[in-house]
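Protein chains get the first letters and strands the later ones, always in sequence-line order, with residue 1 at the start of each. Here the structure is a predicted model, which means the values were calculated and not measured.
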2 protein chains.
Amino acid sequence: MERRRRVPNPLALAVLAWLMWEPMHPYELGRRLKQTGQDKLIRYTRSSLYMVIEQLARAGFVAAQETVRDTARPERTVYAITDEGRHEVLDWLRSLLAQPRQEHPHFAVALSLLSLLPPDEAVEVLRRRSAALAGRIEETRTTIDEARADGVGWIFLVEEQYALALLEAERRFVTELIESLKQPDYAKSWQETMGGRA
Amino acid sequence: MERRRRVPNPLALAVLAWLMWEPMHPYELGRRLKQTGQDKLIRYTRSSLYMVIEQLARAGFVAAQETVRDTARPERTVYAITDEGRHEVLDWLRSLLAQPRQEHPHFAVALSLLSLLPPDEAVEVLRRRSAALAGRIEETRTTIDEARADGVGWIFLVEEQYALALLEAERRFVTELIESLKQPDYAKSWQETMGGRA
DNA sequence: TCCTGGATAGTCAGTCCTGACTAAGGAGTG
DNA sequence: CACTCCTTAGTCAGGACTGACTATCCAGGA
C-alpha cells in the first residue's frame, strides 16, 4: 500500500514540480501556479503556500538557497529542490496517476441526503445546478480553444479536458436525476415516509 | 454569494442530518455513517467526529442532552439537534445541490504534471489506473444491484449512481488519453523538450 | 483458566491551516 | 499633488485536524 507522504498536501506536489525547473521564492511560485491555472486545481491560500514550503524544507525536499533584498520590498527567500525532493515528485506523481483514490466530492454527500428535501424543491435546486454546469462547460471549452489557438500543446491541457469530461458526465447525471424526481410516484412515496418532519 | 458556514466540515452536515431523526451519542453516529456507506463519501476519523460535534455545540446547532452510563463502558454524551441546526442542514443542503463548487481531485493535479514523466511510463501508470477503475466500476455496480435486491429505494442509491457515472467518465477519458500518449509524435516532442532533466 | 483479538467509547498532544493583519511601491485620477 | 486602489511580499495567533493512545467488555481458542 501507499505509504503516507511526509508532506501530503497536494500543494507540495505542485511546488516541487515548479522547483524542478529552477529555484524560486514562495511568492513567485504562487504567481506561476496562478498563471498556469493550477491554483484552480488545488485549494490553498498564500499563507498555506509559505507553510507548505516550510514543511518541505523540514522534510528535506527543498532547501533555502539565499535571502535576497533587491528592491526595497521585504526580503525573499529563494528555495531549491533537493535530490530527495526530485525523487519524491516522480514517485508521488506515479502513484497518483496509477491508483485512483477515493475522492470526496461535496456533491456526493449532498446527494446522499437528497431525500430530506421535498421533491419539487429538489427538482428546483438541481435545475439551478444544471444551468450552472452548462455555464462551466462552456467556460472550460472556451479556455481550451483559446489556449489551443495560442499554440499551447494538448499535453498541457489534459487537466482541463479531464474537468470537461467530469462536468459533462455530471450534467447528464443531473438531467436524468431530475427526470426521476419528477415521477409522481416519487412525490407520493416521499409524502408517505417524510411527510412528518420539522 | 455563499457565506461561509460556521462549521464548514462536510462531516458536520452528515451529523446534523442524522440528528434530524433522533438524538444520539457520537459513537452511534459513527456507526450509522459506516452502515450507510457515508463514511466513504466523507473523509474523517473518529476523533474528528468528536471534534466536529464539539464545534457544532459551540455554534449552537446541537446541544448536549444527557450523559448516560448504562453499561460499565465510558460515559456517553447524547446530542440533540436544535432549531438553528435544523435550519442549517436544509440551507446548506440546498446550496450544495444548487451550486457546483470547484472540486479539487488529486488526479487533476497529477494530470497537470503528466509531462514530467517519459511517455512510455505515463502510458504504463495510466493503464494500471484504467484497470483499477474497471474494478471500482464493477464493485459499485454490485453494491447498487445488491441494495436494490434488498429493497432499498433508488433515492438512497443516488450517490452510488453518481459515483458510477464519474468513474465511467474517467475511464473513458483515461482510455483516450492513453491512445494520445502512444502517438509517436508525442514521444518525439517529449524527447525534444524534456530530454534534459534530472 | 488464561490469553488474544476485536468491538466499544473517548481523550490528547502536537502539527497543520486559515483568516486577518502588516507594509511598501506603483498606477490611475481629479 | 493628494488620494485611493491594486499588486507585491510576508507574518502570526488561534482554531481545526490527525495519529496515537487509553481503557473496558466480550467471544473464542488453547
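Side chain of B:Tyr50, nearest nucleotide from C:dG19, D:dT8, C:dT11: C:dT11. Considering only side-chain atoms of B:His25, the nucleotide from D:dG19, C:dA9, C:dA20 that sits closest is C:dA9. The side chain of B:Arg43 has D:dT18 as its nearest neighbour among D:dT18, C:dA9, D:dG10. For B:Arg46, taking side-chain heavy atoms from C-beta onward, the closest of the listed nucleotides C:dG10, D:dA9, D:dG19 is C:dG10. Among the nucleotides C:dT18, D:dA9, D:dG19, the one closest to the side chain of A:Ser48 is C:dT18. Which of C:dT8, D:dT18, D:dT8 sits closest to the side chain of B:Tyr27 comes down to C:dT8. The side chain of B:Ser47 sits closest to C:dT11 out of C:dT11, C:dA9, D:dG10.
As a whole-Å value, the separation of A:Leu49 CG from C:dC17 P is 12 Å. Atom-to-atom, CG of A:Leu11 to C1' of C:dC17 comes out at 11 Å; the value is rounded to the nearest Å. The distance from atom CG of B:Leu56 to atom C1' of D:dG15 is 15 Å, rounded to the nearest whole Å. Between A:Glu28 atom CD and D:dT7 atom P the separation is 16 Å, expressed in whole Å. When the P atom of D:dT8 is taken as reference, atom NZ of A:Lys34 falls 9 Å away, rounded to whole Å. Rounded to whole angstrom, the span from the OH atom of A:Tyr44 across to the P atom of C:dG19 amounts to 14 Å. Taking atom CZ on B:Arg31 and atom C1' on C:dA9, their separation rounds to 10 Å, with Å as the unit. Atom-to-atom, CZ of B:Arg76 to P of D:dC25 comes out at 14 Å; the value is rounded to the nearest Å.
Donor-acceptor pairing under 3.5 Å is lacking for the side chains of B:Glu160 and B:Thr140.
The side chain of B:Arg4 contributes no N or O atom lying less than 4.0 Å from OP1 or OP2 of C:dT18.
Salt bridge annotation for A:Glu88-A:Arg6: absent, with no cationic side-chain nitrogen under 4.0 angstrom from a carboxylate oxygen. Using a 4.0 Å cut-off between charged side-chain N and carboxylate O, A:Asp83 and A:Arg86 make a salt bridge.
With a 6.0 Å cutoff to the six-membered ring centre and a 45° limit on the axis angle, B:Arg5 does not count as a cation-pi contact of B:Phe61.
With a 4.5 Å cut-off on side-chain heavy atoms, B:Gln161 and B:Trp154 do not count as touching.
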Please enumerate all protein N or O atoms sitting under 3.5 Å from an N or O of nucleotides 13-16 of chain C, with distances to 0.1 Å.
unit_1: C:dC16; atom_1: OP2; unit_2: A:Arg58; atom_2: NH2; d: 2.8

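For B:Met51, the side chain to side chain contact (heavy atoms under 4.5 Å, CB included) criterion is met by B:Gln55, not counting sequence neighbours.
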Pairs of donor and acceptor atoms involving the side chains of residues 119-127 of chain B, under 3.5 Å and at least two apart or interchain, shall be tabulated with distances.
unit_1: B:Glu121; atom_1: OE2; unit_2: A:Arg94; atom_2: NE; d: 2.1
unit_1: B:Glu121; atom_1: OE2; unit_2: A:Arg94; atom_2: NH2; d: 3.3
unit_1: B:Glu124; atom_1: OE2; unit_2: B:Arg128; atom_2: NE; d: 3.4

